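Below, chain A is the first sequence line, B the second, and so on; all start at residue 1. Since the model is a prediction, treat every value here as computed from it, not as a measurement. Note that these values count all heavy atoms, side chains included, but never hydrogens, waters or copies made by symmetry.
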Protein chains: 2
Amino acid sequence: MQSLLELRHLKTVQALRNAGSLVRAAQLLNLTQSALSHQLKALEEQYGAPLFERKSLPLRFTAPGERLLALAGTVLPAVDEAERDISRQVQGVAGSLRIAVECHTCFDWLMPAMDIFRHRWPEVELDIVSGFHADPVGLIHQNRADLAIVSEHDESDAGQGIDFHPLFQYEIVAIVANDSALASRNWIGAQDFVGQTLITYPVPDEMLDILRQVLTPAGIKLARRSTELTVAMLQLVASGRGIAALPLWAVQNYLERRYVSAVKIGEHGLFGKLYASCVAETSQRPYLTDFVSMTRESCFLTLPGITLL
Amino acid sequence: MQSLLELRHLKTVQALRNAGSLVRAAQLLNLTQSALSHQLKALEEQYGAPLFERKSLPLRFTAPGERLLALAGTVLPAVDEAERDISRQVQGVAGSLRIAVECHTCFDWLMPAMDIFRHRWPEVELDIVSGFHADPVGLIHQNRADLAIVSEHDESDAGQGIDFHPLFQYEIVAIVANDSALASRNWIGAQDFVGQTLITYPVPDEMLDILRQVLTPAGIKLARRSTELTVAMLQLVASGRGIAALPLWAVQNYLERRYVSAVKIGEHGLFGKLYASCVAETSQRPYLTDFVSMTRESCFLTLPGITLL
DNA sequence: GGATTAACATGAAATACATTCATGAGATCG
DNA sequence: CGATCTCATGAATGTATTTCATGTTAATCC
């Protein structure tokens with residue numbers, strides 16, 4: 001009798017459209033697939049009609065489903081904006097968000113995320129702390145940065161009043177030439193790197209997962225060659241000058257075009273994790289939590305093959 | 001961390017503004033005052049600021065409160081509209097709502113309610129079945145009306161697949177001249193009517209609560225005089241030609257201007273109740289439930305001193 | 001054509017959450 | 001200064017959402 005529609009349902013419907021499947025939508029919302037299934041069932045029962053076709057991929061919505069999507073499209077941004085306004089009214093927000101980055105590829109997703117953020121929080125001073133620092137958390141302590149994007153969290157930092165907000169996890173794959181002997185392998189181990197030239201970004205060793213997690217533990221030291229640009233690394237690999245290890249999402253395009261080949265590293269794959277870390281006090285700021293959740297969402301929707309943490 | 005705001009909260013905030021107090025807002029929403037208090041407390045905790053000033057009457061909202069109100073003002077109508085659109089998509093609604101009325105004063109609130117309805121459901125054919133019928137439910141059975149506004153429900157009808165949707169309750173007071181001996185009484189009983197002329201609308205006896213509930217049971221029969229217009233009745237009373245019994249809300253204006261006086265009927269007052277009745281099938285239609293809830297709301301906000309059933 | 005993987009559905013159990021109940025405190029009014 | 005009104009609050013209740021543990025279906029792959 002009485003409408004059971006809540007913002008929650010609108011968020012679900014929108015996530016469903018963006019994510020393209022119940023499973024992915026559930027990850028986006030930090031819920032289980034089952035929860036969404038129940039939610040949607042309840043809605044469909046209330047309206048007496050299905051909201052979307054289950055079989056088709058990509059998901060197709062019915063007319064009532066589209067109408068709900070349209071509603072979500074106007075309502076949810078309005079709600080977000082109102083809540084940001086209230087944050088501003090309550091604590092005249094005029095803070096800063098200086099972001100320290102330790103990994104090269106981060107820029108690929110950080111830029112679009114920052115653009116969205118700038119639009120949502122125009123009065124917050126947004127910056128990237130340039131250069132690559134071996135210890136980005138140190139920059140926070142020195143108050144030269146507000147937020148650091150890091151790949152592992154030092155347990156020692158966690159105690160020091162530093163919060164780690166999980167972002168996402170991505171697979172790091174070995175990139176080899178198409179005609180390489182390794183290209184057809186199911187996966188390769190540390191020993192398979194021996195004799196190769198490793199092509200990397202020009203950053204300290206500790207910041208390269210392939211070294212820190214695989215080669216150094218195995219006691220292997222390789223010839224190195226470095227370059228700033230991902231395309232340049234791929235060009236070197238393609239022309240047989242060496243092997244690289246890069247995030248899968250960063251090279252997906254080239255793989256689809258068969259420019260180079262990717263091989264899993266280790267039997268279960270090598271994964272990089274990313275966290276946003278800041279002092280506990282900063283964690284409280286509404287724009288900080290907004291930045292984190294917005295970044296997670298935009299990365300999940302943009303970067304292929306990543307999973308949220 | 002995560003926003004707890006739901007449509008429910010927006011409805012609460014809006015009801016609070018419209019009703020002017022937690023208690024009245026709770027009646028509007030079919031909730032207890034306590035529920036709203038808890039809801040608002042949770043919101044204020046989340047935003048870290050009060051939403052309204054508790055002491056002042058009429059209620060004053062703070063800046064965050066106003067911002068939420070503004071949000072509710074854009075969001076809730078959009079949600080309503082979307083749900084109506086979905087109803088239309090699912091079951092191409094093109095029904096009719098022919099309303100049979102048994103009481104005279106009903107027009108005062110029915111007209112504005114119908115105006116709102118017409119705007120919300122333009123494709124539904126809206127009509128009043130004119131004339132005053134002793135048995136409006138009969139009109140439904142004959143399919144000459146879809147909805148009847150009645151003051152008591154016949155138990156015999158309830159079985160026959162007729163639904164009764166409670167609307168509201170109002171007090172019926174005796175209207176006497178200011179200089180009448182009765183004017184100063186705390187309340188008057190059936191015996192106090194003896195010897196007076198009863199001024200009524202020109203309708204059958206069964207439809208007058210004062211007769212049905214008070215005078216007839218006491219075996220009292222009075223001289224009668226009738227007129228169509230409420231003002232005319234008051235004029236007669238004021239000039240000492242008789243006594244009337246009318247809904248308090250209908251005469252509130254005149255009482256405030258001390259044109260006539262009102263006296264409670266019976267120690268605990270005489271109350272009229274109104275229901276909207278229709279066949280069970282009609283009850284299902286989305287526009288019917290919308291009409292009922294919308295009418296309840298608009299009456300509650302417009303008519304002074306009524307309580308929802 | 002099984003075997004495997006992936007996506008969604010579903011009933012029951014667990015959990016979280018909103019609401020009510022039963023008060024108390026504070027203000028207002030004859 | 002009771003009487004009445006409004007709102008707040010903690011505990012108890014009850015409902016509703018979510019998870020858990022499966023089942024089903026469809027698509028993909030040797």
For [X] and [N], give me the distance from atom [atom1] to atom [atom2], rounded to whole Å.
| X | N | atom1 | atom2 | result |
| --- | --- | --- | --- | --- |
| A:Asn30 | C:dA16 | CG | C1' | 16 Å |
| A:Leu7 | D:dT17 | CG | P | 14 Å |
| A:Arg8 | C:dA18 | CZ | P | 9 Å |
| B:Leu36 | D:dT6 | CG | P | 13 Å |
| A:Gln33 | D:dT19 | CD | C1' | 11 Å |
| B:Leu40 | D:dT9 | CG | P | 12 Å |
| B:Gln46 | C:dA18 | CD | P | 11 Å |
| A:Leu4 | D:dT15 | CG | C1' | 13 Å |

Q: Please evaluate the base of D:dC7 for a donor-acceptor partner in the side chain of B:Ser34 within a cut-off of under 3.5 Å?
A: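 A donor-acceptor contact between them is absent.
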
Q | Residue whose nearest DNA chain D nucleotide is more 5′ - B:His38 or B:Leu16 | A |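 The answer here is B:Leu16.
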
Q.
Would you say B:Gln39 places a side-chain N or O within less than 4.0 Å of OP1 or OP2 belonging to C:dT19?
A.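 Yes, within the criterion.
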
Q: Could you tell me whether A:Ser21 contacts a base, only the sugar-phosphate backbone, or nothing, with contacts defined as non-hydrogen atoms closer than 4.0 Å?
A: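 Sugar-phosphate only.
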
Q: Report which part of the nucleic acid A:Ser37 touches: base, sugar-phosphate, or nothing (heavy-atom distance under 4.0 Å, all strands).
A: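 Base contact - A:Ser37 has a heavy atom under 4.0 Å of at least one base atom.
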
Q) Of the nucleotides D:dC7, C:dT20, D:dT19, which one has an atom closest to the side chain of B:Val23? A)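 Selected nucleotide (nearest to the side chain): D:dC7.
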
Q.
When you compare the side chains of B:Ser3 and A:Glu83, does any donor N or O come within less than 3.5 Å of an acceptor on the partner?
A.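 The criterion, which ignores hydrogens and geometry beyond distance, is satisfied for A:Glu83 and B:Ser3.
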
**Q.** Close aromatic pair by centroid cut-off 6.0 Å: A:Trp109 and A:Phe300
**A.**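 Ring-ring flag for A:Trp109/A:Phe300: false, centres at least 6.0 Å apart.
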
Q) Cationic tip of A:Arg257 within the cone over A:Tyr254's six-membered ring, i.e. under 6.0 Å and within 45° of the normal? A)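 Flagged: A:Arg257 positioned over aromatic ring of A:Tyr254.
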
Q) Going by the angle between their ring planes, with limits at 30° and 60°, are B:Phe52 and B:Phe61 parallel, tilted or perpendicular? A)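 Tilted.
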
Q: Report yes if the side chains of A:Val90 and B:Pro64 come closer than 4.5 Å at any heavy-atom pair, otherwise no.
A: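 Side chain of A:Val90 against side chain of B:Pro64, heavy atoms only: contact under 4.5 Å found.
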
